Amino acid sequence: MTSPVTGPATDADVPGWVRSLGLPGLVDIHVHFLPDRVMRKVWAYFDDASRHYGVKWPVAYRLPEDERIEVLRSLGVLTYAPLVYPHKPGMAEWLTSWALDFGARVPEAVPTATLYPEPGVADIVASALDSGARCFKSHIQVGAFDPRDDLLDPAWGLLAEAGVPVVVHCGHGPVPGDYTGLDVFEKVLARHPRLTAVLAHAGMPEFDAALELVARYPRTYIDTTMVGTPFSEAMSPLPPDWPARLADVADRVLLGTDFPNIPYEYATQLRAIASWAAADDRLGDAFLRAVLHDAPARLLGVR
Ligand SMILES: [Zn+2]
């Protein structure tokens, strides 16, 4: 059998490539949808990326919301977690209610929620769980908060108990924040070792530290968001033995992309993942099926 290891050349090739792997479609645990006003601010920030990040960052899918939903549908993304995140107090609750509503009105979207260290955070998290939130997002770089904050402790506890995954941007990429660093987030894991934590961007640029956490905490995962794409390789290259090292943690790697705020086609991420699968005999198509569908589907409770 010819192995579809090179991945899809363009977005138009994605559905056929996914079918050739024997999959019904993709499950993406890391995409972003936000209220329009907030999304426009995010895009304005990326327009100024040269100043913020030292690179140009042209957002590839700068489209109205209904068209972005349609793009994911045409790519064959069966289920996704549309992640929202606050950058200041007083935002988490209304962003969460927006995301819960988005999950209710868009068939492919799971209801999601977010959290921020502020009074009442445990109630916000408990109420989001009651309302059916199936994935949380915690953005430590943009939020510029300490994940070890006492206010968050009961919230992490509730998430650990519920077994609901939280996608945590705790790495230093693309620019370090006051409390980024996997050593900082590890303190949370040490207190809540049963937390289902997804290290966004595989901890970029601390890939080694991320793999160590995955090895140490059985409920910790990495997502592939932007990892290994030519854009990221120019800033934060993967270690040369990356595919070999994934073989030990192959069931804890999850498809994530950062759609729509990526400076390249969606297919680019899939080619990066396909190149890892091709580079080690222990990975191959079975790895692709796990990463692109089975593992994220299990975590998001897709039946
Ligand atoms: Zn993201």
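As the structure lists them, so they are numbered: ligands from 1, and atoms in each ligand from 1. All values reported here derive from a predicted model rather than from experimental measurement.
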Exercise. Ser236: what forms a side chain to side chain donor-acceptor pair (under 3.5 Å) with it, not counting sequence neighbours?
Worked result: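 By the side chain to side chain donor-acceptor pair (under 3.5 Å) rule, Ser236 matches no residue at all.
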Problem set entry | Set of residues satisfying side chain to side chain donor-acceptor pair (under 3.5 Å) with respect to His87, sequence neighbours excluded |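 Once residues adjacent in sequence are excluded, His87 has no partner under the side chain to side chain donor-acceptor pair (under 3.5 Å) criterion.
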Exercise. Going by an N to O cut-off under 4.0 Å, is there a salt bridge joining Arg105 and Glu65?
Worked result: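 Yes, Arg105 and Glu65 are salt-bridged.
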Exercise. For the rings on Tyr61 and Phe259, is their centre-to-centre separation under 6.0 Å?
Worked result: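 When the ring centroids of Tyr61 and Phe259 are compared, they turn out to be within the sub-6.0 Å range.
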For this session: Would you check if the distance from the ring center of Trp57 to the ring center of Phe231 is below 6.0 Å?
Result: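 Yes; Phe231 has its ring centre under 6.0 Å from that of Trp57.
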Exercise. Around the Zn ion (ligand 1), how many protein N, O or S atoms are closer than 2.8 Å?
Worked result: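 Number of qualifying protein atoms: 3.
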For this session: Name all residues meeting the salt bridge (Lys or Arg N to Asp or Glu O under 4.0 Å) criterion together with Glu108; count only those two or more places apart in sequence or in a different chain, and write none if there are none.
Result: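 So Glu108 forms a salt bridge (Lys or Arg N to Asp or Glu O under 4.0 Å) with Arg73.
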